[in-house]
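Right, one structure below, let's go through it.
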Amino acid sequence: MGSKWRKAKLALGLNMCLYVPPTDVEQRDSSSSPSPARLFSRSSHGSITPTPSSSGLRLPASPDSNNKRTCAICLTAMKTGQGQAIFMAECSHSFHFHCIASNVKHGNQICPVCRAKWKEIPFQRPVSDVTRGKPRMSALGWPQDDAWMTVLRRLPPARTDANRHISSHYQANEPAIFDDDEDLDPQHETAEGNAPTKDAGDLNSVRTVEVFTYTEVSAVPKSVPYDNFTILIHLKAPLTSGRQNRNWNHAESPQSSQDSRTPVDLVTVLDVSGSMSGTKLALLKRAMGFVIQNLGPSDRLSVIAFSSTARRHFPLRRMTETGKLEALQAVNSLVSSGGTNIAEGLRKGFKVMVDRKWKNPVCSIILLSDGQDTYTISGTSTTRPRADYKSLLPTSINLNGGTGFCIPVHAFGFGSDHDAASMHSISEISGGTFSFIEAEGVIQDAFAQCIGGLLSVVVQELQVKVECLHPRLEIGSIQAGSYKSSIMANAIMGFVDVGDLYAEEERDFLVTVNIPVDGTSDEMSLLKVSCTYRDPMTKGMMTLEEASQVKIQRPEITGTRVVSMEVDKQRNRLRAAEAMAEARAAAENGDLARAVCVLESCGKALSETASTRAGDRLCIALCAELKEMQERMASQRVYETSGRAYILSGLSSHSWQRATARGDSTDSTNLMQAYQTPSMADMVTQSQTMVFGTPSSQRKLRQTMSFPAARPRPR
């Protein structure tokens, strides 16, 4: 098996080992034998392979076994007298000064080893990154600052040519139309067209959406009208087939679970501008490696990278074993330089989606950037404002979560300098989410949470219909957040376009009606709720007629009015979201005092509600979130560096009722993750406990990407 793998690597040009610093033991032995990481020989294919005398690429010792002499961030030896400053934290853990300074400058003040919160942090002045002629090493053993050029200069000429060929392989002769996407997996490819519409009762094994309704109160006196009576419509998506048929676990390979889920077309649009150099780019590559490894052979991936311009580095290809290695090869060739042209990157990402000949049932774009767009969206004669990102979306794409052809952009703002307002706008108009990655180390977790959802889509084009049953009843309003809702002119019927749902994902919508006086009956029918949606596996339309019927009692006299906890909880969510939006508007106008007052007032009101007093998890999390937002508005500088992005990420999460990342909030134990589905949580757990899915995959991918050995991450 080893010889076959070696031949495959030679055929694909995958011997892309990077320089790995020698450990203390290797340094002591260097006088008798050269370092294995530096031994290369030329093969008959023109590539460079380790010589037979070497035992392969040796990785630094794990900090768990030698934490006194090894930096827990870059995993290389710490030894006095080598010209590198060593920082010892108050928790007694030591790191290279430049490693930990890069970590804390983005606001991360938690020890990477024991998770203790530091009171004293290191600060690095802007000095040269070169120490004794060696490039500074990042957390993954990648040379920082134009890493690939540094490696190419250190390798023999033939090796340099090979890497240059690899880095330009997917960029040469970029076609005018991106219709060169790989064919779909025949196992999942079915004829596009009009599959028959079925009633959910026709199939015993069909995965159906659950619909529940809750009334504000259970009874209203006959002789008393009730204006703005609130009805909660609660939806829950079904399980994936994989969870229904077996005990699913996060170690399960993508191939073995592919048959039980819907395949995905994913385009990643990645910022590789000059500000992404060093640790940021290394962590981005590692996160992309995690994404690639967790895609299955029916999923397809394309990689777009942008700086001053945008290039398609990897076309839309299926993630077979060969496809994964080629995708990793393309990601590994990325080099940071130039400015930040988000608009051009998005154009190219949408072009890949629109031009493709074949379409998987689920599609999405992941956008990551750490800076401000330094380019405007050019018009024919004059330039338009940079914020006009809506013009980038093709006219054939429906916006705001509507049914039909929809390509959501899930945007990730990286660090303290990104344009949170623009990235939130991009995600909002496309039906995606905006996440704020405050600390460098959680980028992989943030990506993991996102793909955990994308790889578990079980419902598409979901539309909810609400009809009045009583002849004198009218719909007053439908509160649906960012989802498109509409009420017919006669106010007896309304709709909510929900779109896609992940496995076990839930949605809540509040409908208000005005209840008239009615002395004819002891019971009153209010609404009928039904829904239609497409099953992405069968591509057939499903209809749930009269999924739920809402009734209330109409006695002569009622006792003490007790409001439903479920209704109260969702009112609190909407109230908190409105307060966040109002506070953000005040902060953007420079009135931070008013913004803090709005958040504080809302927090106090929520704490006095019945659901909060009863210990409801969502309401407690909302109070904590409002308090955190107040702290991030302590000053204009704090608001601009983290407050704005934190609030916008919260608004995105609550308006779409979908989990987003905020700093370390991908932790499944965090109260902020009220919308995190089990599939998302499983994928985040996998990210936090291993680099890649299976031991054999880890060995192969480390040979390609030169990642350090997988180890549990401190929690």
Kindly give the heavy-atom pair with the smallest separation between [X] and [Y], and that separation in Å.
| X | Y | value |
| --- | --- | --- |
| Pro263 | Pro361 | O-CD, 3.7 Å |
| Asp355 | Phe178 | OD2-N, 3.1 Å |
| Val291 | Ile451 | CA-CD1, 4.0 Å |
| Asn294 | Arg261 | O-NH2, 4.4 Å |
| Glu438 | Ser642 | OE2-CB, 3.9 Å |
| Gly650 | Met580 | C-SD, 4.5 Å |

Does any N or O in the side chain of [X] come within less than 3.5 Å of the main-chain N or O of [Y], such that one atom is a donor and the other an acceptor?
| X | Y | answer |
| --- | --- | --- |
| Ser430 | Ile426 | yes |
| Ser649 | Ala645 | no |
| Trp656 | Gly432 | yes |
| Lys324 | Gln293 | yes |
| His410 | Thr433 | yes |
| Asp265 | Cys363 | no |
| Asp616 | Thr612 | no |
| Ser364 | Pro408 | yes |
| Ser422 | Asp419 | no |
| Lys285 | Leu334 | yes |

With a 4.5 Å limit on heavy-atom distance, are the side chains of [X] and [Y] in contact?
| X | Y | result |
| --- | --- | --- |
| Trp358 | Arg300 | yes |
| Val458 | Thr262 | no |
| Leu301 | Val264 | no |
| Ser655 | Glu428 | yes |
| Lys484 | Val496 | no |
| Met680 | Tyr675 | no |
| Ser302 | Arg317 | no |
| Phe509 | Leu235 | yes |

Answer yes or no for [X] and [Y]: cation-pi contact, defined as NZ/CZ to six-membered ring centre under 6.0 Å and angle to ring axis within 45°.
| X | Y | result |
| --- | --- | --- |
| Lys348 | Phe306 | no |
| Arg658 | Tyr502 | yes |
| Arg507 | Tyr483 | no |

Give a yes or no on whether a salt bridge exists between [X] and [Y], defined as a side-chain N under 4.0 angstrom from a carboxylate O.
| X | Y | result |
| --- | --- | --- |
| Asp299 | Arg318 | no |
| Asp181 | Lys357 | no |
| Arg356 | Glu182 | no |
| Glu625 | Arg662 | yes |

Test side chain to side chain contact (heavy atoms under 4.5 Å, CB included) applied to Ser485 and Asp497, step by step
CA-CA 6 Å; Ser485 62; Asp497 294 330; over 6 Å; no
Working to the nearest 0.5 angstrom, can you tell me the gap between [X] [atom1] and [Y] [atom2]?
| X | Y | atom1 | atom2 | result |
| --- | --- | --- | --- | --- |
| Met423 | Leu346 | CE | CG | 8.0 Å |
| Leu284 | Asp271 | CG | CG | 8.5 Å |
| Met565 | Gln570 | CE | CD | 13.5 Å |
| Leu239 | Thr677 | CG | OG1 | 11.0 Å |

With sequence neighbours left out, the residues meeting side-chain hydrogen bond (donor to acceptor under 3.5 Å, both in side chains) with Ser435 are none
Quick one: do Gln463 and Cys531 satisfy side chain to side chain contact (heavy atoms under 4.5 Å, CB included)? Show the steps, please.
CA-CA 6 Å; Gln463 185 183 65; Cys531 62; over 6 Å; no
Side chains of [X] and [Y] only: does a donor on one sit below 3.5 Å from an acceptor on the other?
| X | Y | result |
| --- | --- | --- |
| Gln676 | Gln449 | yes |
| Gln460 | Asp535 | no |
| Ser687 | Gln444 | yes |
| Ser652 | Thr660 | no |

Partners of Asp508 by salt bridge (charged side-chain N to carboxylate O under 4.0 Å, His left out), sequence neighbours excluded?
none
List the residues meeting salt bridge (charged side-chain N to carboxylate O under 4.0 Å, His left out) with Arg644, not counting sequence neighbours, and say none if there are none.
Glu588
The test is side chain to side chain contact (heavy atoms under 4.5 Å, CB included); show your working for Leu270 and Met288 and say whether it passes.
CA-CA 10 Å; Leu270 310 175; Met288 282 298 300; 3.9 Å; yes
State which residues pass side-chain contact (heavy atoms from CB on, under 4.5 Å) with [X]; sequence neighbours excluded, sorted by chain then number.
| X | result |
| --- | --- |
| Met493 | Lys465, Glu467, Met488, Phe495 |
| Gln549 | Leu469, Ser525, Glu546, Lys551 |
| Ser564 | Tyr214, Glu566, Val567 |

Could you go through the side chain to side chain contact (heavy atoms under 4.5 Å, CB included) check for Phe447 and Val442 one step at a time?
CA-CA 9 Å; Phe447 276 18; Val442 300; over 6 Å; no
Among Asp568, Leu606, Leu618, Leu622, find the residue that satisfies the side-chain contact (heavy atoms from CB on, under 4.5 Å) test when tested with Ser611.
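The passing option is Asp568.
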Thr512 pairs by side-chain contact (heavy atoms from CB on, under 4.5 Å) with which of Ile231, Ile478, Thr230?
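Between Thr512 and the candidates, side-chain contact (heavy atoms from CB on, under 4.5 Å) is satisfied uniquely by Thr230.
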Parallel, tilted or perpendicular: which fits the ring planes of Phe436 and His418, with parallel below 30° and perpendicular above 60°?
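It falls in the tilted class, 30° to 60°.
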